[in-house]
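For reference, the structure discussed in these notes is given below.
These numbers were taken from a predicted model, which means no experiment stands behind them.
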Amino acid sequence: MSKLLPQPGRAYSFLYPRHNFHGVLSRLEPRRLLITEIRDLSQDPLDPQTFEIQPLLRRGRLLAIGQDLDRHAERSFYVDSMRSLRVEMNAPPG
């Protein structure tokens, strides 16, 4: 996990696996996210059906939810899988 813990209301750039599954080697892709929420899955777990849909997905304790600044859509990323996490200085205000 990155040493920098992302915070809601801030934008970040990071590298994320193209395919985030256990046992799958995948190239890392640059991503940018304006975070609206950090969901702690130990306190607010995912619905059990979510695990059934993709049982091999590499999940972590924290889920960063927000606006993907490149795809202009709401997205979520597991913080444990984020690499090279940096604050995005030129991001649009949220």
What I'd like to find out is whether the side chain of Leu41 reaches to under 4.5 Å of the side chain of Leu62, using heavy atoms alone.
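No - every pair of side-chain heavy atoms lies 4.5 Å or more apart.
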I want to check something: taking the side chain as every heavy atom from C-beta on, are Pro8 and Glu37 in contact at a cut-off of under 4.5 Å?
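Answer no - side chains too far apart.
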How long is the gap from [atom1] on [X] to [atom2] on [Y], to the nearest 0.5 Å?
X	Y	atom1	atom2	result
Arg32	Asp68	CZ	CG	8.5 Å
Ile35	Gln67	CD1	CD	12.5 Å
Leu85	Leu5	CG	CG	8.5 Å
Arg27	Arg18	CZ	CZ	5.0 Å

Please find the pair of heavy atoms, one from Ser26 and one from His19, that lie closest to each other, and give the distance.
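It is OG-N, 2.8 Å.
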Least distance between heavy atoms, Pro55 atom then Arg59 atom
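Looking at all heavy atoms of both residues, the closest pair is O-NH1, 4.3 Å.
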Does any pair with a residue in residues 27-78 pass ring pair (Phe, Tyr, Trp, His ring centres under 6.0 Å), and if so which ones, sequence neighbours excluded?
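Listed once each, the pairs are Phe14-Phe77, Tyr16-Phe77.
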Just wondering, more than 12 heavy atoms not from Gln49 lying within 6.0 Å of its CD?
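It does not: Gln49 CD has 12 such atoms or fewer within range.
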What do the steps show when you test Arg39 against Arg61 for side-chain contact (heavy atoms from CB on, under 4.5 Å), and what is the final call?
CA-CA 8 Å; Arg39 183 172 172 182; Arg61 177 180 169 191; over 6 Å; no
Please determine whether side-chain contact (heavy atoms from CB on, under 4.5 Å) holds for the pair Tyr12 and Gln7, giving the CA-CA distance in whole Å, both sets of side-chain angles, and the decisive distance to 0.1 Å.
CA-CA 9 Å; Tyr12 296 86; Gln7 300 294 314; 3.7 Å; yes
Flag, side chain of Thr36 to backbone of Ile65, donor-acceptor distance under 3.5 Å
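Flag set: sc Thr36 to bb Ile65 pair under 3.5 Å.
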Would you check if the side chain of Arg58 reaches a backbone N or O of Phe21 as a donor-acceptor pair within less than 3.5 Å?
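Judged by distance alone, yes, a pair lies under 3.5 Å.
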Which residue is it: Leu57, Leu56, Asp80? I am looking for the one with a side chain to side chain contact (heavy atoms under 4.5 Å, CB included) to Asn20.
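That would be Leu57.
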Test question: given the 4.5 Å side-chain rule for I, L, V, M, F, W and Y, name all other residues clustered with Leu28, or answer none.
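For the cluster that includes Leu28, the remaining residues are Leu15.
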